[in-house]
Amino acid sequence: MFCYNCGCQLSEHNFCTACGADVSMYKRIMFVSNMYYNDGLEKAGVRDLTGAITSLRQSLKFNKNNIDARNLLGLVYFETGEVVAALSEWVISKNLRPEKNIADDYIKRLQSNSARLDSINQTIKKYNQAYAYCLQDSKDLAIIQLKKVLSLNPRFIRAHQLLALLYMDSEQWERAERELHKCMDIDRNNTLTLRYLKEVEMMLVPDENVKQSGAKGKKEEAVRYVSDNEMIIQPLNVKEPKNSGVSTLVNIGIGLIIGLAATYFLMVPAAQSNAKAEAQKTITEISNQSDSKTIRIQELESQVDKLNTQVENLESQVEGFVGTGGTMETFDSLLKAAAAYLVNQDKAATAADLENISQAVNLEETSEGFQELYRTLLEAIGPELSATYYDEAMSFFRQGDYAAAAESFERAVYYDAANEDALFNLARSYHKNEDTEKAVETYQKLLELFPDSARARDTKRYLGELGVTVEE
């Protein structure tokens, strides 16, 4: 164990022998975190995955940097079919320890298999669609969708549980029991699974305990047993009355004759008519249901297409916000420039960062805080950089390189808008370089900003040379 303050190896003492920090409470926290990790490891070994998740989360509450606990939590999530949660834990683990971390191998195994990633994505989409069908009371479609989910990911416990719940709702108790037993094979102590299974077992095996009455040792009068969803009662010790054989045969014969006659003359025609009517009614209902379901499927497919388009638009917006060259990256660049200036006072490097930022984004479209920080940095480095670029520009101006001089004067004005000399010489550089349009624009800007300065007279004269009349 290492000291949280200086990173040195800790001894058996309750203080760090290197820096003297009190580490007694720190040792207790680390001990509790490791204890919960060991408990989670033992539960995972006996497939008590729910208990393992609870213990590992507790371990991370005490020590979020417990890499072993985080990696094991990812494995447990993956085993229950929660691939997204597993990847989240592994990515956090990799960021906490970039080197020599087995989470890197887990992530690479998933990323290297594009078909597997696509299957995971389809699983999540289909499960969400099944859940939406449940909310819309389209339970048949939800069952079909969940079966597709489980064909892609047979270990997805939530899909098994939702499918079992739908079977319970439609009173298909045997199928619900099969799905719940599949959940138990994956996670032996899932509370929701155990609760559903208890309900199913109560429906499959109802309480048939009958209180005994009478003297002790009295025999049962009937045998009861369950067949599917029906209770069969078979009487015992039923004795036939003692009648003569001839009378019995006569009664049987008369009963048969009457029964056959009644069946033929009364029941057969009516049964045939009823059967035909029921068959026609069933065909009509099936046809109507098929038409309505076809229309509903078409409506849902149209909604899915619209939602997919919205998702793609949102993903492109998110990419523009956090991707390469996005707003978040620009914010990050501005913060790095500010940090570099505060730490190193490197004004040239800060100026280069600010120029890159101004080229990457439209400052007028950024937030007020962004603009305020940008202006503060610009004002902090501006006067000194403006003077540097002014001296550089004057050197080019004296050498007759007016294009280079104009470029340097532009930078001097950019970093200090109040630098009157830089603005005047920028106009002169444009003038000398025969860039009349920019020269006139810059002279006019100088008169607008510094109307009463000593440079104003010369500015008006140069504007007159360019054919521009200035009102006095």
Side-chain angles (χ1 to χ4, degrees), residues 1-111 120 124 127 153 155-161 183-195 322 328 332 335 339:
M1 188 179 298
F2 297 95
C3 178
Y4 66 88
N5 187 40
C6 64
C8 292
Q9 182 76 32
L10 294 177
S11 63
E12 68 278 4
H13 301 292
N14 288 331
F15 59 88
C16 178
T17 56
C19 64
D22 185 3
V23 294
S24 57
M25 183 60 68
Y26 175 72
K27 284 185 175 181
R28 292 177 185 176
I29 293 173
M30 293 300 103
F31 173 77
V32 173
S33 177
N34 292 334
M35 180 187 69
Y36 277 116
Y37 165 71
N38 292 330
D39 184 59
L41 184 61
E42 291 178 358
K43 290 180 178 179
V46 295
R47 302 203 68 81
D48 180 9
L49 302 187
T50 301
I53 290 174
T54 302
S55 297
L56 293 172
R57 282 179 175 174
Q58 286 294 113
S59 175
L60 293 176
K61 284 183 181 179
F62 284 95
N63 180 15
K64 67 178 182 180
N65 296 321
N66 193 333
I67 302 299
D68 293 333
R70 196 172 292 279
N71 289 341
L72 180 57
L73 180 59
L75 286 174
V76 175
Y77 277 139
F78 189 84
E79 183 66 14
T80 60
E82 302 289 346
V83 182
V84 175
L87 277 174
S88 300
E89 297 298 332
W90 291 335
V91 169
I92 295 172
S93 174
K94 184 179 178 181
N95 289 331
L96 292 175
R97 186 196 291 172
E99 301 294 335
K100 297 181 180 179
N101 192 339
I102 196 171
D104 193 26
D105 295 336
Y106 300 152
I107 296 172
K108 286 180 179 178
R109 288 181 185 178
L110 281 178
Q111 291 179 342
I120 292 169
I124 296 169
Y127 177 79
N153 186 1
R155 311 192 72 80
F156 197 0
I157 287 183
R158 282 194 295 166
H160 283 295
Q161 290 173 339
C183 294
M184 292 292 291
D185 292 338
I186 300 170
D187 183 5
R188 299 183 184 278
N189 199 27
N190 188 289
T191 306
L192 189 60
T193 301
L194 294 173
R195 188 170 64 186
V322 302
M328 285 296 291
D332 189 54
L335 292 175

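Partner Val76 forms a side chain to side chain contact (heavy atoms under 4.5 Å, CB included) with one of Asp187, Ile53, Asp48 and no other, that one being Ile53.
Between the side chain of Trp90 and the backbone N or O of Asn71, at least one donor-acceptor pair lies under 3.5 Å. Checking side-chain atoms of Ser33 against main-chain N and O of Ile29 turns up no donor-acceptor pair under 3.5 Å.
To the nearest 0.5 angstrom, Cys183 atom SG is 11.5 Å from Leu49 atom CG. A distance of 11.0 Å separates CZ of Arg97 from CD of Glu99, quoted to the nearest 0.5 Å. Atoms CG and CD1, from Leu75 and Ile102 in turn, are 7.5 Å apart once rounded to the nearest 0.5 Å. The structure places CG of Asn65 at 11.0 Å from CD1 of Ile92, a figure rounded to the nearest 0.5 Å. To the nearest 0.5 Å, the span separating CZ on Arg57 from CG on Leu73 amounts to 7.0 Å.
Between the side chains of Gln111 and Lys108, not a single donor N or O lies within less than 3.5 Å of an accepting N or O. Using modelled atom types, one finds a donor on one side chain and an acceptor on the other under 3.5 Å when comparing Asn101 with Ser93.
For residues 77-90, the set of pairs meeting the salt bridge (charged side-chain N to carboxylate O under 4.0 Å, His left out) definition, not counting sequence neighbours, comprises Arg47-Glu79, Arg70-Glu89, Glu79-Arg155, Glu82-Arg158.
Salt-bridge annotation for Asp105 and Arg109: absent, with no side-chain N of the basic residue lying under 4.0 Å from a carboxylate O of the acidic one.
Using a 4.5 Å cut-off on side-chain heavy atoms (C-beta onward), Thr193 and Thr50 make no contact. Counting heavy atoms from C-beta outward, Ile120 and Asn153 have side chains that stay 4.5 Å or more apart.
Pairing each heavy atom of His160 with each of Ile186, the nearest pair is CD2-CD1, 4.4 Å.
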With a 3.5 Å cut-off and sequence neighbours excluded, list the donor-acceptor pairs that the side chains of residues 35-42 form with protein atoms.
| residue | atom | partner | partner atom | Å |
| --- | --- | --- | --- | --- |
| Asn38 | ND2 | Asn34 | O | 3.2 |
| Asp39 | OD2 | Lys43 | NZ | 3.3 |
| Asp39 | OD2 | Ser55 | OG | 2.6 |

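Under the ring pair (Phe, Tyr, Trp, His ring centres under 6.0 Å) criterion, Tyr77 pairs with no residue, sequence neighbours left out.
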